**Q** 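Let me give you the structure first, and then I'll get to my questions.
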Amino acid sequence: MHTRALLLALAIGSPAVTAADAPQQRVVLPTDVVPTHYTLAVIPDAAHMSFTGSVQIDLDVKRATRQIELNAADLGFGKVSLSGTAEAPTVSFDTRQETATLSFQQPVSAGHHVLSIDYSGKINQHPAGFFALDYDTPAGKKRALFTQFENSDARRFLPCWDEPGVKSTFTLTVTLPAEQMAIANTPIVKTEKLPGGLARITFQQSPKMSSYLLFFGAGDFERIHRKVDGVDVGVVVQRGDAAQAGYALDAASQLLPYYEDYFGVKFPLPKLDLIGGPGQSQFFGAMENWGAIFYFERDLLLDPKISTEEDKRQVYVVIAHEMAHQWFGDLVTMAWWDDLWLNEGFASWMEYKAPDHFNPDWKLWLRSVDAKEEAMRADARASTHPIITPIYDVLQASQAFDGITYEKGQAVIRMLEDYVGADAFRDGVRAYMKAHAYGNTVTDDLWAELDKTSRQSITQVAHDFTLQPGIPLLRVSATPKGLHLVQERFTADGSGKPALDWHVPVSIASDAGKPLWHGLVSSGKPADVNVPADTLAVVNAGQAGYYRTLYDAASFARLSARFGSLKPADQLGMLNDSKALGLAGYQPMGDFMQLTTQASPALDTLVSQQLVDHLTDLDDYYQGLPSQAAFRAYGRKLVAPLFAAVGWDAKANEDKNVTILRSSLIDALGEFDDPAIIGEAKQRFAAYLKDQRSLSPDMREVVLGIVADHADATTWEQLHGLAKAATSNLEKRQLYRWLAQARDKSLVQRALDLSLTDEVPATTRPALLSAASHYYPEMVLEFFIAHQDAYTAVIEPASRSRFAPRLASSARDTGIIPKLEAYAATNIPANARGDVVKAETSIKEHAVIRSQRLPEVDAWLKTHS
Ligand SMILES: [Zn+2]
């Protein structure tokens with residue numbers, strides 16, 4: 001799955017629970033009865049948002065039993081029968097554990113049985129289980145149907161063994177209006193015409209797979225496709241949008257042979273579809289159903305009117321992520337949610353590796369330094385958790401889809417690949433695929449294969465970084481002969497955390513990139529490295545390592561003075577480390593501020609972009625403080641020459657990284673209240689209202705964003721008019737979000753009120769609250785609490801416990817915490833409050849930064865303006 005809003009990590013489970021004793025405590029089904037095949041027939045009633053189903057499940061009963069327990073949620077059972085007995089079992093439901101128990105008077109004998117269940121269920125408005133997305137077309141409103149089962153919502157579609165470790169084959173039959181297109185994991189084998197304009201469609205039997213990967217979709221679709229390596233690769237979109245899907249088809253066609261080669265296994269299904277749905281989730285962007293990957297449109301389609309260069313890259317990256325899962329996740333699957341990172345960390349790493357192979361000019365490895373930074377922010381807090389973390393039940397599993405699982409996961413995999421070498425790493429992955437195809441694994445199965453293909457053992461290093469939480473800190477001090485390295489733990493909020501020991505793979509190179517030293521540093525084993533006297537040494541050269549580097553003052557000053565001579569990755573590393581170390585009190589904030597003075601048009605565009613992002617991030621901490629004006633003045637002064645070098649308008653055939661940088665710079669100057677930028681944006685907006693062709697998609701996004709931020713009642717209404725008139729769902733979604741992002745509180749209130757109406761597409765309504773929470777977290781949290789019933793139907797159940805904490809998490813004032821806690825006490829089950837803990841930790845951190853670190857920045861500004 002590809003998630004959104006990963007910025008925060010969380011605490012899952014109690015610290016006393018270790019991975020080793022977790023299995024006994026898990027809420028899982030008994031293993032004495034297991035399914036081998038499902039024959040499933042479903043008849044949707046889209047108009048009434050309901051469906052009926054009938055399933056025959058081939059069972060292997062391991063020992064005689066009087067009870068069969070399986071998962072079912074929101075399903076009503078009709079007739080239930082079991083082959084080999086005339087007895088009708090009694091059925092009881094546990095709505096909390098989402099199970100149904102069939103009880104028999106006479107024991108069911110061991111061996112093969114077929115369990116038949118007739119049932120009915122609901123089609124949801126929110127994207128979980130079986131759901132509908134409604135959308136506007138020139139021919140009126142339409143409704144498309146889809147399924148979304150990760151982590152554990154297949155049980156809302158059919159009674160089943162809904163655990164990743166239980167793999168079965170599936171044969172699906174659906175009855176639909178004959179004019180609709182139906183899509184599932186496998187191709188259609190039979191279509192029968194039925195009376196009343198209906199058709200009964202049967203799909204080919206699936207391979208053995210986990211229930212969360214099953215997929216079904218139906219609607220007024222179009223499909224474009226081509227054969228790649230014998231596989232029918234297609235993109236399925238709502239009728240009329242096929243022209244926007246060509247890029248996705250090209251990307252998928254390019255990536256398929258790459259993955260077949262990398263994994264050493266041919267794509268296991270006869271077809272692969274990428275399916276776009278109009279709408280969005282508060283939780284995920286795309287889902288790797290085997291052979292039928294679902295995407296919300298923004299991660300699949302490119303609308304020539306509004307899609308930017310950044311959108312194009314995002315589409316490619318998300319396709320790369322989901323396609324990597326077709327092997328890593330779908331063919332070989334984690335046995336339980338404890339090892340979710342194995343799926344998500346790997347796919348998130350492939351988001352960089354595979355697209356980089358085809359698009360080296362995107363410099364994705366530099367971007368991955370940024371993604372690692374997100375993970376480190378979360379991992380430095382008390383609320384973090386190890387990558388491999390005990391998951392007790394389904395509710396906890398949904399909380400495991402976080403920045404630690406995805407971004408720390410990818411960063412650690414990158415470090416391990418760098419440690420053993422790319423070829424040895426790939427060979428280990430190939431052996432792992434071969435050994436476990438159609439099966440389930442735990443993380444150690446991967447390390448075992450990598451240990452066989454690598455010259456050095458990977459297990460110790462891998463365990464240190466996956467079984468322990470947190471981030472190593474390397475203290476680096478200059479010695480007469482070179483450098484002395486000592487390892488300890490980095491934390492954002494100081495004392496009270498156990499000291500941990502990691503075996504950290506460290507690379508040291510000269511500023512020009514010449515390797516000087518490789519080795520492992522642990523707390524029990526500091527390192528002394530000889531460095532030639534005339535050489536400037538960079539620790540974590542290339543930035544593949546997952547740790548912070550804290551140089552002594554003299555070494556930092558030397559590097560800082562020659563910042564321009566460092567490799568771009570190492571420039572990013574210095575910026576990121578010095579800011580994080582400064583905010584956590586390890587290093588003066590002045591050191592980071594000193595680095596910002598190195599801003600120059602000569603820097604790589606990605607370094608400039610990161611530098612500017614750091615400044616806007618600091619600006620957010622200043623919200624409402626009198627000293628913000630001085631900080632913004634500094635921001636304008638620093639960014640102005642960068643902007644002067646790129647200007648408002650794109651040059652013919654310019655480097656697309658410059659196009660992206662331009663948007664960031666204009667955006668930052670808008671945030672820093674630059675009057676010339678805001679004035680020009682308003683003029684361009686006025687021209688856009690007259691002629692929408694006057695702005696390129698990249699310029700449109702940044703101009704409308706600035707106008708929305710600085711909106712008054714008139715411009716807000718103009719944006720509102722655009723939102724109402726927008727013909728595509730993609731565009732509607734974006735415009736409604738902008739309405740909620742104004743600085744003017746009264747306009748934000750109007751946007752919140754709008755989110756309660758049918759005017760806003762259903763799945764976009766909660767997104768307005770998320771957008772508004774940036775400036776006004778308290779007001780938005782209170783609004784949500786007062787109206788939560790209005791959003792229940794449009795937020796998927798698994799993320800309801802996460803929504804309110806996320807709204808609160810950007811708060812800068814701890815006054816919001818009691819309100820969040822009061823809400824959680826009555827609305828969030830006790831074992832699902834991980835996001836509450838993580839939100840509180842981040843709010844407290846913001847408050848400390850405001851009271852302690854910003855004054856350091858203010859002092860630096862006073863002496864340097
Ligand atoms: Zn994923």
Side-chain angles (χ1 to χ4, degrees), residues 29 35-59 68-83 88-89 91-93 95 98-102 113-132 143-150 152-163 166 168-177 180 182-186 188-192 194 196 198-206 209-219 289 292 797:
L29 295 169
T36 55
H37 178 74
Y38 295 83
T39 306
L40 172 66
V42 169
I43 307 176
D45 181 354
H48 297 98
M49 297 292 273
S50 64
F51 68 100
T52 56
S54 154
V55 65
Q56 285 83 49
I57 311 173
D58 286 82
L59 296 179
I68 297 176
E69 190 181 339
L70 72 171
N71 292 115
D74 289 341
L75 299 180
F77 281 18
K79 187 168 176 258
V80 180
S81 62
L82 186 75
S83 67
V91 182
S92 60
F93 293 94
T95 50
E98 301 179 338
T99 56
T101 302
L102 317 179
H113 292 270
V114 178
L115 173 64
S116 301
I117 304 175
D118 293 338
Y119 64 97
S120 58
K122 288 197 304 198
I123 298 176
N124 296 313
Q125 253 189 302
H126 53 73
F130 195 13
F131 69 96
R143 172 166 290 171
L145 303 179
F146 305 95
T147 63
Q148 165 62 27
F149 296 155
E150 193 179 22
S152 303
D153 288 321
R155 61 190 64 176
R156 295 173 203 281
F157 190 59
L158 76 160
C160 62
W161 276 254
D162 196 13
E163 292 171 5
V166 183
S168 310
T169 51
F170 295 81
T171 306
L172 174 65
T173 299
V174 292
T175 302
L176 290 169
Q180 294 212 335
I183 303 286
N185 304 82
T186 48
I188 293 170
V189 286
K190 191 167 68 175
T191 302
E192 302 156 84
L194 300 181
L198 298 175
R200 182 160 54 218
I201 298 156
T202 303
F203 296 91
Q204 191 178 314
Q205 179 177 317
S206 80
M209 65 185 197
S210 307
S211 54
Y212 79 93
L213 296 171
L214 187 66
F215 176 81
F216 166 61
N289 316 295

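The structure displayed is predicted, hence computed values, not measured ones.
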**Q** How about Asp162 and Ser211: does a side-chain donor come under 3.5 Å of a side-chain acceptor?
**A**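 Asp162 vs Ser211: donor-acceptor pair found between side chains.
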**Q** Give the ring-plane orientation class for Phe130 versus Phe157, where under 30° counts as parallel, over 60° as perpendicular and anything between as tilted.
**A** perpendicular
**Q** By side-chain hydrogen bond (donor to acceptor under 3.5 Å, both in side chains), which residues pair with His37, not counting sequence neighbours?
**A**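 Applying side-chain hydrogen bond (donor to acceptor under 3.5 Å, both in side chains) to His37 gives Thr39, Thr169, Thr171.
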**Q** So, for Leu172 and Phe215, which heavy atoms are closest and what is the spacing to 0.1 Å?
**A** CD2-O, 4.3 Å
**Q** CG/Leu198 to CD/Gln180 distance, rounded to the nearest 0.5 angstrom?
**A** 10.0 Å
**Q** For residues Ser120 and Thr52, is any side-chain donor paired with an opposing acceptor at under 3.5 Å?
**A** no
**Q** Sequence neighbours excluded, which residues qualify as ring-ring contact (aromatic ring centres under 6.0 Å, His included) partners of Tyr38?
**A** Phe170
**Q** Under a 4.5 Å cut-off applied to non-hydrogen side-chain atoms, are Lys79 and Ser54 in contact?
**A**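 No, too far: nothing below the 4.5 Å cut-off.
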**Q** For the atom pair CD (Gln148) and CG (Asn124), what is the distance rounded to the nearest 0.5 Å?
**A**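 Going from CD on Gln148 over to CG on Asn124, the span is 11.5 Å.
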**Q** Mind checking the CH2-OG1 spacing from Trp161 to Thr99? Nearest 0.5 Å is all I need.
**A**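 That separation rounds to 11.5 Å.
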**Q** Indicate the atoms forming the closest heavy-atom contact of Leu40 with Tyr119, along with that distance.
**A**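 Closest approach of Leu40 to Tyr119, heavy atoms only: CD1-OH, 3.1 Å.
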**Q** Starting from the C-alpha separation in whole Å, work towards a yes-or-no answer on side-chain contact (heavy atoms from CB on, under 4.5 Å) for Lys190 and Arg200.
**A** CA-CA 8 Å; Lys190 191 167 68 175; Arg200 182 160 54 218; over 6 Å; no
**Q** Mind listing the closest non-hydrogen atom pair of Leu145 and Pro44 along with its distance?
**A** CD1-CB, 3.7 Å
**Q** Look at the side chain of Glu163 and the backbone N and O of Leu29, then say whether any donor-acceptor pair between them is shorter than 3.5 Å.
**A**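 Yes: the side chain of Glu163 pairs with the backbone of Leu29.
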**Q** Roughly how far apart are Arg155 CZ and Phe149 CZ, rounded to 0.5 Å?
**A**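 Arg155 atom CZ to Phe149 atom CZ measures 11.5 Å (nearest 0.5 Å).
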**Q** Supply the atom-to-atom distance Leu176 CG to Phe216 CZ, rounded to the nearest 0.5 angstrom.
**A** 4.5 Å
**Q** Evaluate the ring planes of Phe131 and Phe146, with Trp represented by its six-membered ring, and classify them as parallel (under 30°), tilted (30 to 60°) or perpendicular (over 60°).
**A** tilted
**Q** Between Ile57 and Pro35, which heavy-atom pair has the shortest distance, and what is it?
**A** CG2-CB, 3.8 Å
**Q** Report yes if the side chains of Ser206 and Leu214 come closer than 4.5 Å at any heavy-atom pair, otherwise no.
**A**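 Not touching, per the 4.5 Å side-chain cut-off.
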**Q** Closer than 3.5 angstrom, by distance alone: can the side chain of Asn185 be matched with the main-chain N or O of Ala292 as a donor-acceptor pair?
**A** no
**Q** Can you give me the closest heavy-atom contact between Gln204 and Thr186, atom names plus distance?
**A**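 The pair with the smallest heavy-atom distance is O-OG1, 2.6 Å.
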**Q** Considering non-hydrogen atoms only, spot the tightest contact between Pro89 and Leu102 and give its length.
**A**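 Closest heavy-atom pair between Pro89 and Leu102: CB-CB, 4.0 Å.
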**Q** Given Asn289 and Thr147, is the side-chain contact (heavy atoms from CB on, under 4.5 Å) satisfied, shown in steps?
**A** CA-CA 10 Å; Asn289 316 295; Thr147 63; 5.5 Å; no
**Q** Indicate yes or no: at least one non-hydrogen side-chain atom of Leu115 is less than 4.5 angstrom from one of Val80.
**A**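 Yes, their side chains come closer than 4.5 Å.
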**Q** Nearest 0.5 Å, what's the OG-CD1 distance between Ser50 and Ile123?
**A** 6.0 Å
